[in-house]
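Down below is the structure, laid out as structure tokens.
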Amino acid sequence: MDQKVVVNFYPKCPQPNLTLGLKRHTDPGTITLLLQDQVGGLQATRDGGNTWTTVQPLKGAFVVNLGDHGHYLSNGRFKNADHQAVVNSNHSRLSIATFQNSALEAIMYPLKIREGEKSMLDEPITFIETYKRKMSKDLEVARLKKLAKEEQLQDLEKAKLEAKPMEEIFALRLLSWPFFA
Ligand SMILES: O=C(O)CCC(=O)C(=O)O
Ligand SMILES: [Fe+2]
């Protein structure tokens with residue numbers, strides 16, 4: 001197996017509604033043991049991010065999360081926890097996560113498939129390969145989001161321009177000449 005310990009420090013943030021400490025994700029490994037301080041900020045969702053439940057800190061307790069590897073091993077019977085961390089305007093926050101992962105080159109496949117069920121994996125695959133696929137999917141989603149945002153901004157600029165009186169557009173053109181002529 002492979003084990004990693006990550007310490008997350010979230011500085012306090014004056015406008016917590018404008019950002020996230022850690023964006024929505026599932027952990028890639030088998031099981032995560034998470035120790036959080038009393039500030040709170042870990043949230044989980046069961047409906048794809050529409051609603052969020054805060055995981056209240058409990059003194060001396062670990063939060064135990066199932067990751068993707070655990071999800072695949074059980075052929076989806078046990079769910080990988082979909083979660084995020086928000087920030088706080090009054091307090092900084094610390095959490096320590098220990099990820100129990102499979103060895104990177106270990107082959108994974110569902111341990112048991114019940115009658116009438118289909119395997120979640122088309123073929124046995126190494127743990128590292130599922131991780132790489134997940135990362136490239138995440139990068140592609142981020143790229144598309146960025147593109148959509150840029151297009152939205154361009155449309156907004158266009159709409160603003162269309163709403164301006166002719167003299168103003170003319171003045172703007174003169175100002176930015178020769179780049180915009
Ligand atoms: O800080 C937290 O509560 C969550 C940390 C986490 O999800 C992670 O490190 O993967
Ligand atoms: Fe996580």
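Counting starts at 1 for both ligands and their atoms, in listed order.
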Audit row: K112, R77, side chain to side chain contact (heavy atoms under 4.5 Å, CB included) steps and yes/no: CA-CA 10 Å; K112 186 172 178 184; R77 189 167 165 204; 6.0 Å; no
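- Checking K23, R24, R46 one by one against D82, the salt bridge (charged side-chain N to carboxylate O under 4.0 Å, His left out) holds for a single residue, R24.
- Separation of atoms CG (N65) and OG1 (T30) is listed at 12.5 Å; rounding is to 0.5 Å.
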Verdict with supporting geometry, T26 and H71, side chain to side chain contact (heavy atoms under 4.5 Å, CB included): CA-CA 10 Å; T26 54; H71 185 69; over 6 Å; no
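- Surrounding NZ of K12 are at most 12 heavy atoms belonging to other residues, nucleotides or ligands under 6.0 Å away.
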Exercise answer: donor-acceptor pairs, residues 91-104 side-chain atoms, under 3.5 Å, sequence neighbours excluded:
| unit_1 | atom_1 | unit_2 | atom_2 | d |
| --- | --- | --- | --- | --- |
| R93 | NH2 | Q36 | OE1 | 2.8 |
| S95 | OG | N8 | ND2 | 3.1 |
| Q100 | OE1 | Q3 | NE2 | 3.0 |
| N101 | ND2 | D2 | OD2 | 3.1 |

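- Inside a sphere of radius 2.8 Å centred on the Fe ion (ligand 2), the protein N/O/S atoms present are H25 NE2, D27 OD1, H83 NE2.
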Less than 3.5 Å apart, N/O on ligand 1 and N/O on the protein: could you list those pairs with the distances?
| unit_1 | atom_1 | unit_2 | atom_2 | d |
| --- | --- | --- | --- | --- |
| ligand 1 | 1 (O) | Y10 | OH | 2.6 |
| ligand 1 | 1 (O) | R93 | NH1 | 3.2 |
| ligand 1 | 1 (O) | S95 | OG | 2.7 |
| ligand 1 | 3 (O) | R93 | NH1 | 3.4 |
| ligand 1 | 3 (O) | R93 | NH2 | 2.8 |
| ligand 1 | 7 (O) | H25 | NE2 | 3.3 |
| ligand 1 | 7 (O) | H83 | NE2 | 3.0 |
| ligand 1 | 9 (O) | N8 | ND2 | 3.1 |
| ligand 1 | 10 (O) | H25 | NE2 | 3.2 |
| ligand 1 | 10 (O) | D27 | OD1 | 3.2 |

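- Salt bridge present: R143 and E140 bring a charged side-chain N and a carboxylate O closer than 4.0 Å.
- Shown here are the ring-ring contact (aromatic ring centres under 6.0 Å, His included) partners of H83, two or more places apart in sequence or in another chain: H25.
- The distance from atom OH of Y10 to atom CG of D37, rounded to the nearest 0.5 Å, is 10.0 Å.
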